[in-house]
Amino acid sequence: MKTSWRNASLVASAAAVLVLTTACGQESGTSSVGSQNVGATAAAGGYGGVGSGIGTGTSPSASSTVGGGQGNLGAQSASAGKLEVSANAELGDVLTDSAGLSLYRFDEDTAEPPKSNCNGDCATAWPPVPANDASAGAGIDKALLGEVTRADGSKQLTIGGWPAYRYAKDTKAGDLTGQGVGGKWYALAPTGKKASVASLPGLSTRNDPNLGEIVVDKNGMTVYRFAKDKAWPEPVSNCNGACLEKWPVVAPVSSNDTKDVQKKGLMSFTRSDGVKQQTVNCSPIYTFAGDKEAGDTNGQGVGGTWYAVRPNGEMVGVSDK
């Protein structure tokens, strides 16, 4: 018996709804946002606790021992000598001193004008790099090297205006145990910016010291969800107009251009304004204009409605129903 055109149309429509439902799961788009707000009001942590340090780099000198434990403090206070660029699989190019020790910057410092806000016990955990005898090696623009006068009158090396430090718990060349400590300490790139891999996938994950594993975009910027959006039975964004100035949408990303992000529900949709937007597990995703560099998580918990995203699409610090 032949199926009529009307029946065939109904069957096709039902099948389409079933596919969308399967892809987007049973999430209703409403969440319990009264639970723990991870990172929104949490302190950045101490200046000496180990964060998301990523161990040893890939520099050929990474196996050379500079010293061990607290016995390394003498090396930490030495002059930088000729600065070098060390390649790291996770962070790209990282700035080191002549002994191969990684150099760091502190988010509470300023570059314009240069100023160090790490003193006392902080400077013991993060020894300032002396400005004397520092020179630019291959791949480093010597014009970016400068100095700043610290509170004690000593001269500290700056890179692109940012005061440079070593980390007392880095014991050998290539160590990066200071990366991400307290959510405020980051390895220096040769440009003075935070070290980050330039060629990241369209979407991937990063292990944040405060929030855990979260999704980032191709520039390493933190990705967020809006608790007022909907994911089921189809994605709906409720961030429009002026909201989009603070929370730009993430453009569509091919599933082949992702790493460690859940494939189910990884799709794009057309917003009410005609713009195409990416989702993770069918939930619309955004970046935050208040994040200035890779590694920033300033959007976490904003307004009690914006949260970083887990690889499975859940909002960090919110129990999804």
Salt bridge check, [Y] against [X]: does any charged N sit closer than 4.0 Å to a carboxylate O?
| X | Y | result |
| --- | --- | --- |
| Lys292 | Asp107 | no |
| Lys184 | Glu108 | yes |
| Lys218 | Asp257 | no |

Backbone of [Y] reached by a side-chain donor or acceptor of [X] within 3.5 Å:
| X | Y | answer |
| --- | --- | --- |
| Ser154 | Pro130 | no |
| Arg150 | Cys118 | yes |
| Arg105 | Gly192 | yes |
| Asp229 | Asn238 | yes |

Exercise. Do Leu176 and Tyr167 belong together in a cluster built from hydrophobic side chains that touch within less than 4.5 Å?
Worked result: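 Leu176 clusters together with Tyr167.
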
Should [X] and [Y] count as side-chain neighbours, where that means a heavy-atom distance under 4.5 Å?
| X | Y | value |
| --- | --- | --- |
| Leu157 | Glu147 | no |
| Leu83 | Leu145 | yes |
| Asn119 | Asp152 | no |
| Leu266 | Gln278 | yes |
| Tyr104 | Tyr186 | no |
| Cys239 | Tyr224 | no |

- Query: What's the verdict on side-chain contact (heavy atoms from CB on, under 4.5 Å) for Arg271 and Phe269, showing C-alpha distance, side-chain angles and the deciding distance?
  - Reply: CA-CA 6 Å; Arg271 298 166 43 86; Phe269 72 103; 3.8 Å; yes

Note: Ser237 and Tyr286 closest approach over all heavy atoms is OG-OH, 2.7 Å

